[in-house]
Amino acid sequence: MDKFVITGGTALAGEISASGSKNSALPALAAALLTEEPVALHRIPRVRDIRTMQRLLVDIGSKVEVEGDRVRLETPRVMCPEAPYELVKTMRASSLVLGPLVARCGRARVSLPGGCAIGARPINLHIFGLEQLGARINQAHGYIEAEAPEGLRGAVVHFDRITVTGTEDLMMAAVLAKGETVLRNAAREPEVADLADLLVKMGAKIDGAGSSTIRIQGVERLRGTEHTIIPDRIEAGTFLVAGAITGGDLTVTGCNPDHVGALVSKLQQTGADVTQPDATSVRVRGGGRLRSVDMTTEEYPGFATDLQAQYMALMTQVEGIAIIVETIFENRFMHAQELARMGANIRLDGKQAIVAGPRALTGAGVIASDLRASASLVLAALVARGETVIDRVYHIDRGYERIEAKLARVGAKIRRVE
Ligand code: EPU
């Protein structure tokens, strides 16, 4: 198992580029199941979750060709409309094939995901939505079986809780349903809007993606197309925190500044200097004493839960007490204990973490527990005195493309050891 060895203490400086969004690329790959024609996707990040999704699509019957960050998919026929437990347990986003498979071939069998490091994460709302569209659902042997032999029918689906992949799954189911579907209390994340852009290029009729009400008029069939995935706002945000925490001068290029607005606002409140040199870059300068700022995670456009762990690492280094409230997942503070091993002063109280800073961190052996938790440990290690060894970096490889190479290029002392 690979480890990262990081020696802290350098201020990061220069330009660092954002890759394509993992959480946009995953539903985009699944959307290719909706047509027998070829779909070419550009700016697909080379990360492990993407490879897992590609494996799943090959098992289902897609031909998948990868060339650099371009992926071409073609599914003339669905051979096996199933997402097996072996894949779903390693990546919950596998459940994104549920909607497209029922829409394309009238049936799907998808393993229930089971527990997860950051919370229970059920898929009951995906299932509820499909039922509203007329699918018959049967649960047995740890699998959900959905059937709609006569095809799906448009309906109103009100999500009683906002779900990102649930909104995406239902949007993909509804594009081929008969009549109109209205998704209410839909997720407004940029990844949902990006998926809608792709589906519209394929011939779907969708209005309102990016707002909380999405209207979809079902069409008979979809066609092939080409699409470029949006930049990864969580990766970009992680790099912005890296610039601020190391007191550096870092410009994140190839990103969408609007998508990191909530983080930029917090960074500005801490006293970091954040500017936008051009339409696709954000520059952060973190020199000088930064102050603590409380933060509560929210759905987009609020502060992303996927940046909470990284923000916590930053709060260990600033002056004052910060209260961080996690509202999206019930168990997303696993990094707090590891940060504490490095010297951070963090108290957990239910949904809240109380972080008192600044504390001098020292390098230690730590364990990555999930994707974003690992990113927060990398950030802490960049400012810790001495050497930090992060174990189980396969978690970080799920969602960050060559993070060690990108960080090393802007001055970080980081290397991967096998
Ligand atoms: N929820 C339910 N029932 C459902 C679906 C969700 O109760 O049927 C609950 C969840 O348990 C959670 C909340 O609703 O408490 C929000 O979950 P959501 O469904 O929005 O999360 P997700 O779609 O499974 C996506 C991202 C996550 C990101 C969350 C929140 C992808 C592939 N994953 O997950 O990304 O944290 O939205 O923004 O898009 C990551 O990249 O590290 C990651 C975990």
Side-chain angles (χ1 to χ4, degrees), residues 19-31 45 47-50 52-53 56 83 88 90-99 110 112-132 137 139 144 157-172 183 185-195 212 229-230 232-238 259 262-263 297-310 326-332 334-335 351 368-376 395-401 403:
S19 296
S21 161
K22 165 185 80 88
N23 288 349
S24 217
L26 288 169
L29 290 165
V47 298
R48 207 159 57 99
D49 274 7
I50 295 296
T52 306
M53 182 59 99
L56 173 59
V88 179
T90 63
M91 189 185 68
R92 312 173 65 79
S94 309
S95 55
L96 279 167
V97 298
L98 183 59
V110 171
L112 283 166
C116 168
I118 63 177
R121 305 185 74 186
I123 58 164
N124 57 305
L125 297 173
H126 303 226
I127 295 164
F128 165 75
L130 281 176
E131 277 177 331
Q132 301 305 103
I137 307 280
Q139 184 186 330
I144 287 293
V157 178
H158 187 111
F159 293 105
D160 58 16
R161 149 152 225 191
I162 297 176
T163 160
V164 178
T165 50
T167 302
E168 294 163 347
D169 215 2
L170 263 289
M171 205 159 69
M172 291 189 279
L183 305 180
N185 200 26
R188 291 177 290 165
E189 269 63 6
E191 293 77 17
V192 174
D194 194 32
L195 173 64
S212 54
I229 299 297
I230 57 170
D232 196 310
R233 63 193 168 98
I234 306 302
E235 186 200 28
T238 303
H259 294 172
L263 172 67
T297 60
E298 283 170 22
E299 291 89 0
Y300 189 84
F303 194 103
T305 173
D306 289 345
L307 285 169
Q308 177 259 109
Q310 300 87 318
E326 172 57 58
T327 66
I328 309 293
F329 292 110
E330 54 293 2
N331 190 29
R332 208 174 199 181
M334 307 270 276
H335 43 282
K351 289 179 165 190
S369 57
D370 68 77
L371 171 55
R372 309 303 172 186
S374 337
S376 100
H395 285 295
I396 210 161
D397 293 334
R398 291 185 58 176
Y400 289 89
E401 184 174 283
I403 191 171

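Read the numbers this way: they start at 1 and go in the same order the structure lists the ligands and their atoms.
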Q) For Y400, what residues pass the ring-ring contact (aromatic ring centres under 6.0 Å, His included) criterion, not counting sequence neighbours? A) none

Q. Tell me: protein heavy atom nearest atom 35 (O) of ligand 1, and distance?
A. D306 OD2, 3.1 Å

Q) When you measure from atom 22 (P) of ligand 1 to every protein heavy atom, which one gives the shortest distance, and what is it? A) T165 OG1, 3.5 Å

**Q.** Whether R121 lies under 4.0 Å from ligand 1, heavy atom
**A.** yes

Q: Could you find the nearest protein heavy atom to atom 14 (O) of ligand 1 and give me its residue, atom name and distance?
A: R161 NE, 3.3 Å

**Q.** Atom indices of ligand 1, in the order listed, that fall short of 4.0 Å to a heavy atom of H126
**A.** 8 (O)

Q: Return yes or no for this condition: an N or O of V164 is under 3.5 Å from an N or O of ligand 1.
A: yes

**Q.** Nitrogen or oxygen atoms of N23 and ligand 1 under 3.5 Å apart
**A.** yes

Q.
Below 3.5 Å, N or O to N or O, backbone or side chain included: is there any such pair between K22 and ligand 1?
A. yes

Q: Around atom 30 (C) of ligand 1, find the nearest protein heavy atom and jot down its residue, atom name and distance.
A: T305 CG2, 3.7 Å

Q. Of the protein's non-hydrogen atoms, which lies at the shortest distance from atom 1 (N) of ligand 1, and what is that distance?
A. P122 O, 4.1 Å

**Q.** Atoms of ligand 1 close to I328 [distance to a heavy atom under 4.0 angstrom, numbered from 1]
**A.** 12 (C), 13 (C), 15 (O), 16 (C)

Q) If we only count N/O pairs under 3.5 Å, is L371 in contact with ligand 1? A) no

Q. Identify the closest protein heavy atom to atom 21 (O) of ligand 1: which residue and atom is it, and at what distance?
A. F329 CZ, 3.9 Å

Q | Name of the residue among M171, E191, E168 meeting side chain to side chain contact (heavy atoms under 4.5 Å, CB included) with P27 | A | E168

